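Worksheet for the structure shown next.
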Number of protein chains: 2
Amino acid sequence: METVWSALVDPHRRALLDLLREGPRAVGELAGELGLSQPMTSKHLRVLREADLVRVRTQAQRRIYTIAPDRMAELDAWLAPYRRLWNDRLDALGRHLDDDDDDRKET
Amino acid sequence: METVWSALVDPHRRALLDLLREGPRAVGELAGELGLSQPMTSKHLRVLREADLVRVRTQAQRRIYTIAPDRMAELDAWLAPYRRLWNDRLDALGRHLDDDDDDRKET
DNA sequence: CCCTTATATGCCTTGACACGTATATACAAA
DNA sequence: TTTGTATATACGTGTCAAGGCATATAAGGG
């Protein structure tokens, strides 16, 4: 769990995950799209790998990285009890003000 | 947003928020319950304060800290597109068991 | 006014981490 | 094997933050 937090705190690693959310990619593609050097990309991917946030499969010389969202569910579980707090707060605001009324939960 | 991440990455600060989720408390109480020194508690609270994750009000010599969950909603927003991923995964696993359409949380 | 309580801040050390550069490893084609 | 491509790792460096300790600030009570 702490590994997940320390992996996600870095903006580059979150950007990597955002890219991988659209589909599996090789290291070179990720580096190119983020404007990141290849060694740094590999290092960041290693951190994500050791946090079980991504998986890798080998295809010729390329390493194809895939997102593995299970551990992010843990983060969501941590966040869950707080979600109630800000929902209540939005409810309270919505009762007093009319500008924020609909669509406050479940994207 | 980055401020929120770097504030939440520290386990002590997350523990502080977990305590404040149950209700507002003074610095001394928080320090006592976490076994943390008073200066460190104040410093961590400062980080949370500057990330707008807590608010403080003065009551005599005490500073009463309250949770301010609005910024955590941003984190939830970042997490939202991933939630679809692991929900799909759970759906695939549990398709033959209990099959309801959407909301499967609230344990 | 002291004096005590409660909290914040300043200084310092240490450790972790991001980054760049260079090199190593893995695989494939010639 | 040699060469080229793709990725990983090793090393050195600078930065930044957590932690302890001491001290400053604030507020109330005698």
Side-chain angles (χ1 to χ4, degrees), chain A residues 1-20 22-68 71 75 78, chain B residues 1-20 22-68 71 75 78:
Chain A
M1 185 59 178
E2 186 202 339
T3 325
V4 176
W5 281 104
S6 49
L8 291 178
V9 72
D10 185 273
H12 285 147
R13 287 195 285 267
R14 293 200 302 275
L16 282 170
L17 288 176
D18 285 338
L19 281 179
L20 289 176
E22 304 169 2
R25 303 194 194 201
V27 179
E29 309 178 57
L30 294 166
E33 304 197 53
L34 291 185
L36 212 59
S37 77
Q38 176 268 312
M40 282 316 300
T41 308
S42 283
K43 287 184 205 172
H44 283 310
L45 285 171
R46 178 194 173 112
V47 175
L48 293 173
R49 217 173 49 217
E50 291 176 339
D52 279 322
L53 287 165
V54 297
R55 294 194 197 290
V56 61
R57 70 174 190 273
T58 301
Q59 172 185 305
Q61 311 112 328
R62 297 149 80 96
R63 302 281 180 102
I64 311 295
Y65 279 82
T66 314
I67 201 165
R71 294 228 100 92
L75 201 152
W78 180 87
Chain B
M1 184 59 178
E2 185 201 338
T3 325
V4 176
W5 280 104
S6 48
L8 291 178
V9 71
D10 186 274
H12 285 146
R13 287 195 287 267
R14 292 200 303 274
L16 282 169
L17 289 176
D18 285 337
L19 281 179
L20 289 176
E22 304 169 4
R25 305 197 191 197
V27 179
E29 309 177 58
L30 294 167
E33 303 197 51
L34 290 186
L36 212 57
S37 78
Q38 177 268 314
M40 281 316 300
T41 307
S42 284
K43 286 183 200 174
H44 282 310
L45 285 171
R46 178 194 173 110
V47 175
L48 293 172
R49 215 174 49 218
E50 291 177 340
D52 280 322
L53 287 164
V54 298
R55 293 194 198 290
V56 61
R57 70 173 189 273
T58 301
Q59 171 186 303
Q61 311 114 326
R62 304 173 184 238
R63 302 281 180 104
I64 311 295
Y65 279 82
T66 314
I67 201 164
R71 296 230 95 89
L75 202 152
W78 179 87

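Letters A, B, ... are given to chains in the order of the sequence lines, protein chains preceding strands, and every chain is numbered from 1. We use all heavy atoms of the structure for the numbers below, so side chains are in, but hydrogens, waters and symmetry mates are not. What you are looking at is a predicted structure, and each value in this text was computed from that prediction instead of being measured.
Within 6.0 Å of CD in B:Glu2 there are 12 or fewer heavy atoms belonging to other residues, nucleotides or ligands.
Of the possible polar contacts, one joining the B:Arg14 side chain to the B:Leu8 backbone as a donor-acceptor pair under 3.5 Å is found.
From B:Lys43, atom NZ reaches atom OG of B:Ser37 across 7.5 Å, with rounding to the nearest 0.5 Å. The line from CG of A:Leu53 to CZ of A:Arg71 is 8.0 Å long, rounded to the nearest 0.5 Å. We find the NE2-CZ distance between A:His44 and A:Arg46 to be 13.5 Å, quoted to the nearest 0.5 Å.
Residues from residues 22-34 of chain A lying near DNA chain D, meaning a heavy-atom separation below 4.0 Å, are A:Ala26, A:Val27, A:Gly28 in numerical order.
Contact annotation: the side chain of B:Leu75 approaches that of A:Leu75 to within less than 4.5 Å [non-hydrogen atoms, C-beta and beyond]. The closest side-chain heavy-atom distance from B:Val47 to B:Asp10 is not below 4.5 Å.
In the 5' to 3' direction, nucleotides of DNA chain C lying under 4.0 Å from heavy atoms of chain A begin and end at C:dA18 to C:dA28.
Listed by chain and residue number, A:Leu16, A:Val27, A:Leu30, A:Ala31, A:Leu36, A:Leu45 satisfy the side chain to side chain contact (heavy atoms under 4.5 Å, CB included) test with A:Thr41 (two or more places apart in sequence, or in another chain).
The side chain to side chain donor-acceptor pair (under 3.5 Å) pairs that include a residue from residues 54-68 of chain B are B:Arg49-B:Tyr65, where partners are two or more places apart or lie in different chains. Applying the salt bridge (Lys or Arg N to Asp or Glu O under 4.0 Å) test to every pair with at least one member in residues 28-42 of chain B, sequence neighbours left out, gives these pairs: B:Arg25-B:Glu33.
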* Structure fact -> Scoring nucleotides 18-30 of chain D by protein non-hydrogen atoms under 4.0 Å (B base, S sugar-phosphate only, - none) yields SBBBB----BS--
